[in-house]
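Residue numbers count from 1 along this sequence.
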Amino acid sequence: MGTRDGDGSDRSGERNAGRGPADRAGAVDGDPTAQAARTGTVCPTDGHDGHDGHDGHDGHDGHDGHDGHDGHDGHDGHDGHDGHDGPSPSAVERATLRLREAVPTEVAPADADPGGPGRSDEPPRYAPAWLRLREPADAAARAHDLLDPLRIRLANLPSRADGLVVHDLGCGTGSMGRWLAPLLDGAQHWVLHDRDPYLLHFAAVGAPRSAADGSRVTVETRRGDLARLTPDALAGAGLVTASALLDVLTAEEVGTLAAACAAAGCPALLTLSVAGRVELAPAHPLDAEITEAFNDHQRRTGLLGPDAVTSAAEAFAAHGATVRAHPSPWRLGPGEAALAEQWLRGWVGAAVEQRPELREPAGRYLEERLAACAAGELRVVVHHTDLLALCRPTGGSS
């Protein structure tokens, strides 16, 4: 079974609930082949127009979803034209970051192909459908309490003719921009980074057109890897954002991100990182063991998983940034039954992948939980944390 999203809730349920190397949210910049697109005018990446075989906004990123992981719902029609699932990334790209897989329909065998259906050398993608499914819950969960200190910092930045420049890392289908751009005043130019050209296409097409005060919002896309992110890539940035990304990174990658933001002197708003805690009601004797196995799965292959926010806070603080963290839990009830169902499948599937001896009891557990979900009797709280890092402005004080 391939790696899952860190929501395992948190991403964990993104089926990619327990992320392994394969779900790293595709992120970012510095790629010399970066492509650009203005709002509403999508520039094909690698000569491809992003329609072959993409099944709509599943989810990222939120990715956002990067991620967030992020499902814009206006593109369901892209359900796989010609049955082609898109250009295959180069071996160099594959070695850096991988995207989440589609939501599983059952707990896969422990010995299933880690690459999922198809060739094992094809990195899994963030399914747009999953991203679309989780986008409302992501928007409801993000911590509004961090917006006022962010607005104060942004108000003190030097003004630019093209407005605030925002770099959204591992943007997925663009849910972070759809949430944040309308909450900020003033003209904005969003630079959307991801590894997947299809998700970049959807993010550009679904980007918001206006800010809170009606000012213009424009967008461009860049395809590349987070491992190549440099301060130069963030030149001119007024803000860096990401959603459901930190927990699918390594400590080294988080350090690279913190160093780049610090060198650019821009704040970073990094939302929806899994916290490693899940609450289900009614309670079940296996809840704690499934949670522990899932968290272990998230830490496989050096990914930070539930330790991501602590690691990121330390990395940014080491560069002199003021760091604030705030809870941002998903709260899933009968009105979010579809999301809870898919999250459960991914969360339990990751736990079984980590501990194959759980297969039989976990199978029964999943059946019981899904039945309760369908009956409107299940409540789930998937804990996440949002982080705001106020880096020292270059040439000034924090």
Side-chain angles (χ1 to χ4, degrees), residues 1-25 65-67 69 97-101 103-104 106-116 123-124 126 130 244-254 272-280 283-314 327 329-330 340 342-366 368-369 380-385:
M1 184 180 215
T3 46
R4 302 144 193 239
D5 203 327
D7 276 311
S9 131
D10 176 354
R11 282 192 199 262
S12 137
E14 304 178 55
R15 165 208 175 169
N16 286 320
R19 291 175 207 124
D23 11 47
R24 318 252 223 125
H66 236 204
D67 213 80
H69 313 50
L97 291 175
R98 299 184 186 176
L99 302 179
R100 302 168 187 147
E101 301 175 61
V103 177
E106 61 183 355
V107 177
D111 59 351
D113 180 354
Y126 275 97
W130 164 251
L245 175 66
L246 290 179
D247 45 281
V248 291
L249 301 181
T250 64
E252 180 180 0
E253 289 166 340
V254 166
L272 298 172
S273 296
V274 293
R277 293 179 293 116
V278 176
E279 299 171 32
L280 298 97
H284 187 286
L286 272 182
D287 288 346
E289 190 168 3
I290 297 292
T291 299
E292 183 180 359
F294 175 81
N295 289 342
D296 288 344
H297 187 282
Q298 282 212 306
R299 296 183 177 104
R300 299 203 309 185
T301 70
L303 302 185
L304 288 170
D307 307 317
V309 170
T310 298
S311 180
E314 292 173 352
W330 276 356
Q342 295 301 338
W343 172 81
L344 276 166
R345 293 183 187 278
W347 185 61
V348 175
V352 171
E353 185 177 342
Q354 180 68 20
R355 299 185 188 177
E357 68 274 14
L358 287 175
R359 176 164 301 281
E360 289 189 11
R364 294 190 295 271
Y365 173 91
L366 181 59
E368 293 175 22
R369 287 308 199 185
V380 181
V381 178
V382 179
H383 290 275
H384 305 95
T385 303

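- The two residues W347 and D287 have their closest heavy-atom pair at CH2-O, 4.1 Å.
- L245 CG to E253 CD: the interatomic distance, rounded to the nearest 0.5 Å, is 8.5 Å.
- Taking each heavy atom of Q298 and P306 in turn, the nearest pair found is OE1-CD, 3.5 Å.
- Scanning for salt bridge (charged side-chain N to carboxylate O under 4.0 Å, His left out) contacts around E292 gives R355, with sequence neighbours left out.
- The two atoms that bring L304 and R299 nearest to each other are O-CG, 4.1 Å, heavy atoms only.
- The minimum heavy-atom distance between G276 and T291, with the atom names listed, is O-CG2, 3.6 Å.
- The shortest heavy-atom contact between L286 and P361 is CD1-O, 3.7 Å.
- Taking CH2 of W330 as the start and CG of L272 as the end, the distance is 8.0 Å to the nearest 0.5 Å.
- For the atom pair CZ (R345) and CG (L366), the distance works out to 6.0 Å, reported to the nearest 0.5 Å.
- Within 6.0 Å of the CD atom in E357, the count of heavy atoms belonging to other residues, nucleotides or ligands exceeds 12.
- For the atom pair N295 CG and R277 CZ, the distance stands at 10.5 Å (nearest 0.5 Å).
- Expressed to the nearest 0.5 Å, how far CD1 of I290 lies from CG of L280 amounts to 10.0 Å.
- Here the side chain of S311 pairs no donor or acceptor atom with the backbone of D307 at under 3.5 angstrom.
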(request) Carefully, step by step, assess W343 and V278 under the rule side-chain contact (heavy atoms from CB on, under 4.5 Å). (result) CA-CA 11 Å; W343 172 81; V278 176; 3.5 Å; yes
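- Annotation: side chain to side chain donor-acceptor pair (under 3.5 Å) contacts of E279 (sequence neighbours excluded): H383.
- When all heavy atoms of A351 and L358 are compared, the closest pair comes out as O-CD1, 4.2 Å.
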(request) Just do the side-chain contact (heavy atoms from CB on, under 4.5 Å) check on E314 and V254 with the steps written out, would you? (result) CA-CA 10 Å; E314 292 173 352; V254 166; over 6 Å; no
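- The line from CG of L246 to CG of L303 is 12.0 Å long, rounded to the nearest 0.5 Å.
- Applying the side chain to side chain donor-acceptor pair (under 3.5 Å) criterion to E368, with sequence neighbours excluded, gives H284.
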